[in-house]
Amino acid sequence: MTASFSEERSAEIVAGSFADTTDPRLKQVLTSLVSHLHAFVKDVELTETEWQHAIDFLTAVGHKCDDTRQEFVLLSDVLGVSMLVDAINHRAQADSTDSTVLGPFHLVDSPPRELGDDISLDGLGDACVFAGRVRSADGTPLPGAQVDVWQANGAGFYDVQQPDLQPERNLRGLFTTDTEGRFWLRTVVPRYYPIPDDGPVGTLLNATGRHPNRPAHIHVIAGAEGHFPVTTHVFVEGSPYLDSDAVFGVKESLIRPVTDVDDVKLATHYGTENPFRLIEFDIVLDTRQ
Ligand code: BEZ
Ligand code: FE
């Protein structure tokens with residue numbers, strides 16, 4: 001028979017109910033969850049009104065989710081859980097480019113593009129070149145590496161947020177590095193933007209005096225054969241909100257300047273007018289052992 005419930009032994013009693021769980025990982029996770037959850041409820045001495053408020057909040061988070069909106073992931077993002085899970089799971093790739101959150105605006109089927117293509121199909125924003133080199137941790141360049149890029153436009157919106165205003169697949173592209181591991185493409189300088197804040201997560205940010213903004217960034221997923229892929233961003237140096245990203249995604253190592261370049265030969269190579277703006281971002285991938 002289950003022991004009779006008491007405030008003192010609550011976690012122990014509930015954890016005991018998992019005794020017959022055959023999956024050892026599930027048992028470990030549930031036991032730890034109950035232990036921390038009960039400790040939290042005791043710590044704050046949760047009132048019944050607050051408990052009901054929490055239930056209503058989580059219900060609203062669920063109702064906000066659909067095929068294109070994932071409010072639970074957004075909640076995880078603003079509580080720093082997404083970045084913590086990312087950090088724990090990428091300790092092994094210590095020599096590679098730092099990772100950061102994926103975010104909700106990635107499309108699994110980015111359009112394959114040629115090196116030098118312009119991914120800004122609406123031309124909204126200040127033109128710039130985004131270029132770099134993909135290398136293995138020992139410095140060897142990685143030809144044939146895949147570089148998947150996506151970003152918001154000069155007004156701070158992704159194509160999927162404005163299907164009636166922006167061309168389909170605006171500011172997205174899947175590039176393949178050349179024989180020296182290099183990639184380059186034409187785009188616009190990204191702008192800071194707010195994460196979707198018209199749902200319960202926005203209400204939470206508002207109630208805690210937090211803003212919803214993310215600093216200007218370009219998303220990148222880079223991968224190459226025999227290497228761990230990296231999901232990351234390059235952040236624009238000097239952007240507002242670099243020190244208060246709503247989802248805690250900023251790492252110093254990922255901040256790059258937008259430089260003004262006056263070099264006719266380089267401009268010709270990148271297929272752009274001279275002078276031009278340039279964001280350079282080299283990417284290092286760890287080998288799979
Ligand atoms: C993004 O950078 O696209 C993003 C990341 C987390 C939450 C919302 C947006
Ligand atoms: Fe983003």
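Numbering of ligands and ligand atoms starts at 1, following listing order.
- Contacts with ligand 1 closer than 4.0 Å are made by side-chain heavy atoms of L74 only, the backbone lying farther away.
- Note on ligand 1: H106 sits outside its first shell, no heavy atom being nearer than 4.0 Å.
- Between the side chains of H106 and D148, a donor-acceptor pair is found at a separation under 3.5 Å.
- Listed by chain and number, the protein N, O or S atoms at a distance under 2.8 Å from the Fe ion (ligand 2) are Y158 OH, Y193 OH, H217 NE2, H219 NE2.
- Polar contact with ligand 1: absent for D77 (N/O pair, distance under 3.5 Å).
- Other residues, nucleotides and ligands contribute more than 12 heavy atoms inside 6.0 Å of the NE2 atom of H269.
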Practice item. I would like to know whether L142 and I283 meet side-chain contact (heavy atoms from CB on, under 4.5 Å); could you show each step before the answer? Key: CA-CA 10 Å; L142 292 171; I283 299 165; over 6 Å; no

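- What sits closest to atom 5 (C) of ligand 1 on the protein, heavy atoms only, is G103 CA, 3.4 Å.
- Of all non-hydrogen atoms in A137 and D286, the two that sit nearest each other are CB-OD1, 3.4 Å.
- Looking from atom 1 (C) of ligand 1 to the surrounding protein, the closest heavy atom is Y193 OH, 2.7 Å.
- H211 is linked by a ring pair (Phe, Tyr, Trp, His ring centres under 6.0 Å) to Y241, counting only residues two or more places apart in sequence or in another chain.
- A side-chain N or O of N274 and one of D262 form a donor-acceptor pair less than 3.5 Å apart.
- Remark: ligand 1 atoms within the under-4.0 Å shell around heavy atoms of H219 are 1 (C), 2 (O), 3 (O).
- A parallel orientation is assigned to the rings of F105 and Y158, their planes being inclined by less than 30° (bins at 30° and 60°).
- Of the charged side-chain nitrogens involved, none lies within less than 4.0 Å of a carboxylate oxygen, so that D282 and R256 do not count as a salt-bridged pair.
- Each of the atoms 2 (O) of ligand 1 lies under 4.0 Å from some heavy atom of H217.
- Residues M83 and V101 have side chains in contact (heavy-atom distance under 4.5 Å, counting atoms from C-beta outward).
- Around CD of E50, the count of heavy atoms belonging to other residues, nucleotides or ligands within 6.0 Å exceeds 12.
- Closest protein heavy atom to atom 4 (C) of ligand 1: P104 CD, 3.4 Å.
- A side-chain donor-acceptor contact under 3.5 Å links H233 and R214.
- Close contacts between ligand 1 and F105 involve ligand atoms 3 (O), 9 (C) [criterion: under 4.0 Å to a heavy atom].
- Near I195, meaning under 4.0 Å from one of its heavy atoms, ligand 1 places the atoms 7 (C), 8 (C), 9 (C).
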